Amino acid sequence: MLITQLKDKEKLTSLLKGKVFIINCHGCKEVYFPEEDAKAFESELEKAGKVTGVITTDYICNLENLKARLEVHKKEIEAADAVLVFSCGVGVQTVAEYLENKRVYAACDTLHLPGSQGVTPLEFECGHCGECYLNMTGGICPIVACSKGLVNGQCGGAKNGKCEVCPDMECGWERITKRLQKLGKMENYKNPTQLRDYSTFLETKECKES
């Protein structure tokens, strides 16, 4: 089971400089969604005149479902400077991949809890590390995209865009750098994140092929 909790509201507000389109994913039953906190923050943004549109749906990790749901909100998304996603890390990554030219921000951190997880047509993974870095890395998770789980940039061992540890895997940080360049957010790469808080997660990471 997974549990999502709202990120620090002041930090989120500092990211949202202009207009924002909001996606709420009430998704699978195996994920706890902080509905009351999300509604309260959404209301604050609406009162400030920052919201171009809101959609509340489920299973945004299903790309075909996501495309169908967002198609009718195309104009509202285009009018927004960023998209704010209330979901687990998988949902945020799916939205960021689909809207690759739009800044996509995670509103929640995802924590791991013991128990079973549902079966969904996942294109992405979430390490449910309790400290989501997606807002700093263009919607590509460095924990699962990098075989070493590095949060402060490339190790320098990649060759021809491939990881030195898992040769069949694309270098996660090369992917992140390209995304940040596309979004005009290379300052995120030049100003590395804080040290990772290893007390927030329980699982170990395995090398997987891309």
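What you see below is based on every heavy atom in this structure, not just the backbone, and it leaves out hydrogens, waters and symmetry mates. The first residue in the sequence is number 1, and the count goes up from there. These figures come from a predicted structure and were not determined experimentally.
- The pair Lys39-Glu35 counts as a salt bridge, with a side-chain nitrogen and a carboxylate oxygen less than 4.0 angstrom apart.
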**Item:** Residues Glu164, Lys148; criterion salt bridge (charged side-chain N to carboxylate O under 4.0 Å, His left out); working and verdict
**Value:** CA-CA 10 Å; Glu164 67 174 347; Lys148 299 178 182 179; 2.6 Å; yes
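- Rounded to the nearest 0.5 angstrom, Tyr189 OH and Leu180 CG are separated by 9.5 Å.
- Using a cutoff of 4.0 Å between basic side-chain nitrogens and carboxylate oxygens, Glu170 and Lys178 are not scored as salt-bridged.
- In summary, Glu187 and Lys185 engage in a salt bridge, as defined by a charged side-chain N under 4.0 Å from a carboxylate O.
- A salt bridge links Lys7 with Asp109; the closest basic N to acidic carboxylate O contact falls under 4.0 Å.
- Checking side-chain atoms of Arg103 against main-chain N and O of Ala82 turns up no donor-acceptor pair under 3.5 Å.
- Expressed to the nearest 0.5 Å, how far OH of Tyr98 lies from CD1 of Ile77 amounts to 7.5 Å.
- Summarising the geometry of Gly138 relative to Arg179, their closest heavy-atom pair is O-NH1, 2.8 Å, with the distance given to 0.1 Å.
- Both Val54 and Leu12 sit in one connected hydrophobic cluster of ILVMFWY residues. Membership requires side-chain heavy atoms under 4.5 Å apart, directly or through other members.
- Taking the charged nitrogens against the carboxylate oxygens, Glu100 and Lys182 do have a contact shorter than 4.0 Å, which makes a salt bridge.
- Asn188 places no side-chain N or O within 3.5 Å of a backbone atom of Thr137 that could act as its donor or acceptor partner.
- The aromatic rings of His73 and Phe21 sit tilted relative to each other, their planes meeting at an angle between 30° and 60°.
- Looking only at distances, no side-chain donor or acceptor of Asn160 sits under 3.5 Å from a matching main-chain atom of Lys162.
- The shortest heavy-atom contact between Leu134 and Gln93 is CD2-CG, 3.8 Å.
- Residues Val144 and Cys126 come closest through the heavy atom pair CG1-C, 4.2 Å.
- Crowding of Glu10 atom CD: a count of heavy atoms from other residues, nucleotides or ligands under 6.0 Å not exceeding 12.
- Shortest non-hydrogen contact noted between Ile143 and Cys129 is CG1-SG, 4.2 Å.
- Residues Thr4 and Cys108 approach most closely at CB-CB, 4.0 Å, considering heavy atoms.
- Residue Cys146 holds its SG atom at 7.5 Å from CD1 of Ile176, rounded to the nearest 0.5 Å.
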**Message:** Using the rule given for side-chain contact (heavy atoms from CB on, under 4.5 Å), can you reason through Ile60 versus Arg69, listing the C-alpha separation, both sets of side-chain angles and the distance that settles it, and then say yes or no?
**Reply:** CA-CA 9 Å; Ile60 62 174; Arg69 297 299 178 94; over 6 Å; no
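- For the pair Arg175 and Cys171, the minimum side-chain heavy-atom distance is 4.5 Å or more.
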**Leu99/Val83 under side-chain contact (heavy atoms from CB on, under 4.5 Å): CA gap, chis, key distance, verdict** = CA-CA 9 Å; Leu99 302 175; Val83 174; 3.9 Å; yes
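- A donor-acceptor pair is defined here as one N or O able to donate and one able to accept, closer than 3.5 Å; no such pair exists between the side chain of Asp58 and the backbone of Cys25.
- Annotation: side chain of Met186 is in contact with side chain of Thr177 (closest heavy-atom distance under 4.5 Å).
- Remark: side-chain polar atoms of Ser147 are not paired, donor with acceptor, to backbone N or O of Val165 under 3.5 angstrom.
- The backbone N or O of Gly18 sits less than 3.5 Å from a side-chain atom of Lys50, completing a donor-acceptor pair.
- Counting all heavy atoms, side chain and backbone alike, Cys88 lies closest to Thr110 at CA-OG1, 3.4 Å.
- With rounding to the nearest 0.5 angstrom, the CD atom of Glu76 is 6.0 Å from the OG1 atom of Thr52.
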**Asked** Given the rule in the side-chain contact (heavy atoms from CB on, under 4.5 Å) test, do Leu84 and Phe41 qualify, once you have shown the distances and angles that lead to the verdict?
**Response** CA-CA 11 Å; Leu84 183 65; Phe41 187 52; 3.8 Å; yes
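- Rounded to the nearest 0.5 Å, atoms OG1 (Thr57) and CG (Asn65) are 5.0 Å apart.
- The cluster map of Ile, Leu, Val, Met, Phe, Trp and Tyr, joined by side-chain heavy atoms under 4.5 Å apart, puts Ile55 and Val95 in the same cluster.
- The main-chain N or O of Ala80 is found under 3.5 Å from a side-chain atom of Lys102 such that the two form a donor-acceptor pair.
- Between Leu6 and Phe86, the closest side-chain pair of non-hydrogen atoms falls below 4.5 Å.
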**Request:** Mind running side-chain contact (heavy atoms from CB on, under 4.5 Å) on Leu16 and Leu45 for me, showing each step along the way?
**Result:** CA-CA 9 Å; Leu16 307 175; Leu45 293 174; 4.1 Å; yes
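- Under a 3.5 Å cut-off, the side chain of Trp173 and the backbone N or O of Leu150 do form a donor-acceptor pair.
- When the side chains of ILVMFWY residues are joined at heavy-atom separations under 4.5 Å, either directly or via intervening members, Leu15 and Leu183 end up in two distinct hydrophobic clusters.
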**Request:** Would you sort out whether Glu44 and Lys9 count as a salt bridge (charged side-chain N to carboxylate O under 4.0 Å, His left out), showing the intermediate values?
**Result:** CA-CA 10 Å; Glu44 290 179 20; Lys9 289 197 294 184; 2.9 Å; yes
**Request:** Please assess Gln5 against Asp37 for the test side-chain hydrogen bond (donor to acceptor under 3.5 Å, both in side chains), listing each intermediate value before the final yes or no.
**Result:** CA-CA 8 Å; Gln5 64 181 18; Asp37 291 339; over 6 Å; no
